[in-house]
Engineer: 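Sharing a structure below in C-alpha cells format, with a few things to ask.
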Amino acid sequence: MNVGEGDKAVIVFSVNPGNVGRIVDVSEYIGKFKEGEAFDAYGMTCTCLVTDHFWWIKAEDINIQLGPSPQAYIADSWLRKIIPPKEEIADKAEKELDIFA
C-alpha cells in the first residue's frame with residue numbers, strides 16, 4: 001500500500017481535479033473493495049470507482065461531489081505518502097555548500 005493510518009499524503013488522482021496536489025491526513029483504513037462495490041458510512045452509500053484498498057482522509061479543503069467536506073474516502077493508489085526529510089540530509093547539504101564559499 002502507498003499509505004498507512006496516520007500518514008500525511010498528497011492526492012495524485014481524483015475524480016475532482018481540484019483535489020489533485022492537496023495535502024491530507026490519512027485517518028482510517030476502510031477496506032479492500034472491487035470496482036463498483038459500495039459500503040455505507042455516515043448515513044450514505046459510498047461507491048468504489050476502482051478495485052483497491054480505501055482510506056478515510058481528512059483536510060480542510062477537500063471537494064467531494066456534494067461540495068466541500070473535511071473528510072472523504074479515496075483509493076490507496078490515488079495517494080502518495082509524504083516522507084519528511086531527515087535532519088542528516090540538511091546538515092550534509094550545508095557542509096557541502098561551505099566548501100564552495
Engineer: If I compare all heavy atoms of Ile23 with all of Ala59, which pair ends up nearest, and what's the gap?
Structural biologist: O-CB, 3.7 Å

Engineer: Going by heavy atoms in the side chains, are Ile82 and Asp7 under 4.5 Å from each other?
Structural biologist: no

Engineer: For a 4.5 angstrom cut-off between non-hydrogen side-chain atoms, does Ile11 reach Val24?
Structural biologist: yes

Engineer: Work out which heavy atom in Ala9 is nearest to a heavy atom in Val26; give both atom names and the distance.
Structural biologist: CB-CG2, 3.9 Å

Engineer: Considering residues at least two apart in sequence or located in another chain, which fulfil the side-chain hydrogen bond (donor to acceptor under 3.5 Å, both in side chains) criterion with Asp25?
Structural biologist: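 So Asp25 forms a side-chain hydrogen bond (donor to acceptor under 3.5 Å, both in side chains) with Lys8.
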
Engineer: Taking Arg22 for the side chain and Asp61 for the main chain, is one N or O donor matched with an acceptor at less than 3.5 Å?
Structural biologist: yes

Engineer: Please tabulate, for the side chains in residues 28-35, all donor-acceptor contacts under 3.5 angstrom to protein atoms that are two or more places apart in sequence or on a different chain.
Structural biologist:
| residue | atom | partner | partner atom | Å |
| --- | --- | --- | --- | --- |
| Tyr29 | OH | Lys32 | N | 3.4 |
| Tyr29 | OH | His53 | ND1 | 2.6 |

Engineer: For residues Lys58 and Ser27, determine if any side-chain heavy atom of one lies less than 4.5 Å from a side-chain heavy atom of the other.
Structural biologist: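 A side-chain contact exists here, since the closest heavy-atom pair is under 4.5 Å.
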
Engineer: So do the side chains of Asn16 and Ile64 get within less than 4.5 Å of each other, counting heavy atoms only?
Structural biologist: no

Engineer: Going by atom type alone, with no hydrogens or angles, which donor-acceptor pairs under 3.5 Å involve a side-chain atom of residues 40-49 and a protein atom two or more places apart or on another chain?
Structural biologist:
| residue | atom | partner | partner atom | Å |
| --- | --- | --- | --- | --- |
| Asp40 | OD1 | Thr45 | OG1 | 2.9 |
| Tyr42 | OH | Gln71 | NE2 | 3.3 |

Engineer: Strictly distance-based, threshold 3.5 Å: is any side-chain N or O of Asp76 a donor or acceptor partner for the main-chain N or O of Phe54?
Structural biologist: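 No; judged by distance alone, with no hydrogens or angles, the pair does not exist.
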
Engineer: Please check if the distance between the ring centroids of Tyr73 and Phe39 is under 6.0 Å.
Structural biologist: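 Yes, the ring centres sit under 6.0 Å apart.
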
Engineer: Heavy-atom distance under 4.5 Å between the side chains of Trp78 and Val3, does that happen here?
Structural biologist: no

Engineer: Does the side chain of Asn19 reach to within under 4.5 Å of the side chain of Phe13, using non-hydrogen atoms?
Structural biologist: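 When only atoms from C-beta onward are counted, Phe13 and Asn19 do not touch, as no gap falls below 4.5 Å.
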
